*Asks:* 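Can you keep this structure in mind? I'll have questions shortly.
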Protein chains: 2
Amino acid sequence: MKHIADSTVRRLSVYLRYLEEHAARGGVTTSSEDLAHYAGTTSAQVRKDLSFFGSFGTRGLGYSVAELTAKLEDILGLGREWKVVIVGAGKIGSALSTYRGFAQRGFRVIAVYDNDPRKIGSRWDDQVVRPIADLEDDTARDRPDIAVLAIPADDVQPEVDRIVRAGISAILNFAPAQVQVPAGVTLKNVNMAMELEGLSYALRNRDD
Amino acid sequence: MKHIADSTVRRLSVYLRYLEEHAARGGVTTSSEDLAHYAGTTSAQVRKDLSFFGSFGTRGLGYSVAELTAKLEDILGLGREWKVVIVGAGKIGSALSTYRGFAQRGFRVIAVYDNDPRKIGSRWDDQVVRPIADLEDDTARDRPDIAVLAIPADDVQPEVDRIVRAGISAILNFAPAQVQVPAGVTLKNVNMAMELEGLSYALRNRDD
DNA sequence: GCTAACTTGTGAAGGATTTCACAAGCTCGG
DNA sequence: CCGAGCTTGTGAAATCCTTCACAAGTTAGC
């Protein structure tokens, strides 16, 4: 299949959230116009995004909420369960696991690691925090799909290398540090500092 | 000034982080090639990004780390202090405030709000958690620049409306919900669920 | 002072993404 | 069964962003 832009995939997530909310309100059908309004884009954009994957609507009528939900879940790979490990038993990891829809969307936390002896062994939600040294053996056994990296900014790269070496090929990095991964490993960064700086830039340049 | 792409501003943040790390290692000069390698882009991109704001390098030599750092800080609006309020005294807000470089980059938390009576009044870092009802009066008095919204996904919009009404015009939203803001208000969303779904999509479509 | 070696800054080209605009297809009412 | 009214799906156009390629400016060595 043709390469799909990152921006398109992100919007699909937003559309899916709208569909869920709309269904919860009892909505049975929707339109590209509704979806666009919710997502802050245009109806043409919505239709173009969907058109990369097929045609899911009915001309004149719109989209069936149930059908489009199913299609988007399939496209986004949410039809199955993904095993997630969290590296770094801090506040962010904890916040992540309590996010509504995290587990419900098929992301199951199967292990939490830390290198702080004071944290290791403590209960943490329904997990016991394990020493980071266990990562390799655990990964060989349990084959997690995704690693969430939620440790302080220092020495992030060694941990990434360890995760990659262990055989996990998708990483969500919350540390405000740039890391390198080999080809074949998918990396996403969530960087609060960068977002704040984006706001700072916007405020600074308000009058243009 | 001509409109600057969001992607450009984000990269400027990355360049700035490299400069800080490089300076800490004793680096005095750098090049577009170095910056590009760190940021995972190309040297042409780096030079183009910078060229929107001026010419800060010396042909044949590269960039002075100190000079370019100062320029980027100025461009990003980090030359001054921004007053930040955090709405939602949960784990994310707490994690945010302990991020290194948060305070140091000029983002000062001046208040924390929550609507949970059990949290109100409790100490939280060096702040006392205040009732959300105080937001309007506090804002009129203290004139914060940025609101960080770190509350659960339900009922985010009313809180956004309240923040906007109070007169804050930059919002960083951590709730996994789409919110609407009027023109003139800058909104950034950080959405962990969306990032995970992006990874899910990548994993699902690995063999293409 | 001249040449070789570098690296920036930037128009122009290329590629990617968004927007436009409209034909195609569906439903409903009469 | 037909026409009016909608809304989708999609080529084409427009816009935006990245990459290319090279002139221009700088330093260092001789």
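Proteins come first, then strands; the chains are lettered A, B, ... in the order of their sequence lines, and each starts at number 1. Please read all numbers here as calculations on a predicted model, not as lab measurements.
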*Asks:* Roughly, in whole Å, what's the span from CG in A/L61 to P in D/dA4?
*Replies:*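 About 20 Å, once rounded to whole Å.
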*Asks:* Whole Å only: how far is the NZ atom of A/K48 from the P atom of C/dT19?
*Replies:* 12 Å
*Asks:* Nearest-Å distance, NZ (A/K2) to C1' (C/dT17)?
*Replies:*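 Result: 9 Å.
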*Asks:* For A/Q45 and C/dT17, is the shortest distance between a side-chain N/O and OP1 or OP2 below 4.0 Å?
*Replies:*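 So the side chain of A/Q45 is outside the cut-off, no N or O lying under 4.0 Å from OP1 or OP2 of C/dT17.
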*Asks:* Do B/R47 and B/Y63 come within less than 4.5 Å of each other through their side chains, counting heavy atoms only?
*Replies:* yes
*Asks:* Taking only side-chain nitrogens and oxygens of A/S7, does any of them come within less than 4.0 Å of OP1 or OP2 of C/dT18?
*Replies:*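 Yes, A/S7 has a side-chain N/O under 4.0 Å of OP1/OP2 on C/dT18.
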*Asks:* Salt bridge check, B/D145 against B/R80: does any charged N sit closer than 4.0 Å to a carboxylate O?
*Replies:*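 The answer is yes: the pair qualifies as a salt bridge.
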*Asks:* Rounded off to whole Å, could you give me the CZ-to-P distance for the B/F56 and C/dT8 pair?
*Replies:*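 In whole Å, C/dT8 P and B/F56 CZ are 14 Å from each other.
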*Asks:* Under 4.0 Å between a side-chain nitrogen and a carboxylate oxygen: does that hold for A/E159 and A/R162?
*Replies:*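 Yes.
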*Asks:* Using atom CD of A/E67 as one end and atom P of D/dT8 as the other, report the distance to the nearest whole Å.
*Replies:*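 For the pair A/E67 CD and D/dT8 P, the rounded distance is 14 Å.
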*Asks:* Write down the distance between NE2 (B/H3) and P (D/dC17), rounded to a whole number of angstrom.
*Replies:* 7 Å
*Asks:* To the nearest Å, give me how far apart CD (A/E33) and P (D/dG9) are.
*Replies:*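 Rounded to whole Å, this separation is 15 Å.
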*Asks:* Tell me which nucleotide among D/dT18, C/dT8, C/dA21 gets nearest to the side chain of B/R59.
*Replies:* C/dT8
*Asks:* In terms of the nearest nucleotide of DNA chain C, which residue is placed more toward the 5' end: A/T41 or A/T58?
*Replies:*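 By nearest-heavy-atom nucleotide position, the 5'-most residue is A/T41.
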*Asks:* Strictly below 4.0 Å: does A/R47 bring a side-chain N or O up to OP1 or OP2 of C/dT18?
*Replies:*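 So the side-chain polar atoms of A/R47 never come under 4.0 Å of the phosphate oxygens OP1 or OP2 of C/dT18.
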*Asks:* Reading DNA chain D from 5' onward, which residue's closest nucleotide shows up sooner: A/A44 or A/G62?
*Replies:* A/G62
*Asks:* Specify whether A/Y38 and A/Y18 have parallel, tilted or perpendicular ring planes, treating 30° as the upper limit for parallel and 60° as the lower limit for perpendicular.
*Replies:* tilted
*Asks:* May I ask you to say whether A/K188 pairs ionically with A/D6, meaning some side-chain N is under 4.0 Å from a carboxylate O?
*Replies:* yes
*Asks:* Any side-chain N or O of A/S32 below 4.0 angstrom from OP1/OP2 of D/dT7?
*Replies:*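 For D/dT7, OP1/OP2 do not have a side-chain N/O of A/S32 under 4.0 Å.
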*Asks:* For A/D49 and D/dG9, what is the distance between atoms CG and C1' respectively, to the nearest whole Å?
*Replies:*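 So the two atoms are 13 Å apart, to the nearest Å.
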*Asks:* Among D/dC17, D/dT19, C/dA21, which nucleotide has an atom closest to any side-chain atom of B/A5?
*Replies:*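 Of the candidates, D/dC17 comes closest.
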*Asks:* Hey, does the side chain of B/Y63 come within less than 4.0 Å of C/dG9's phosphate (OP1/OP2), counting only N and O?
*Replies:* yes
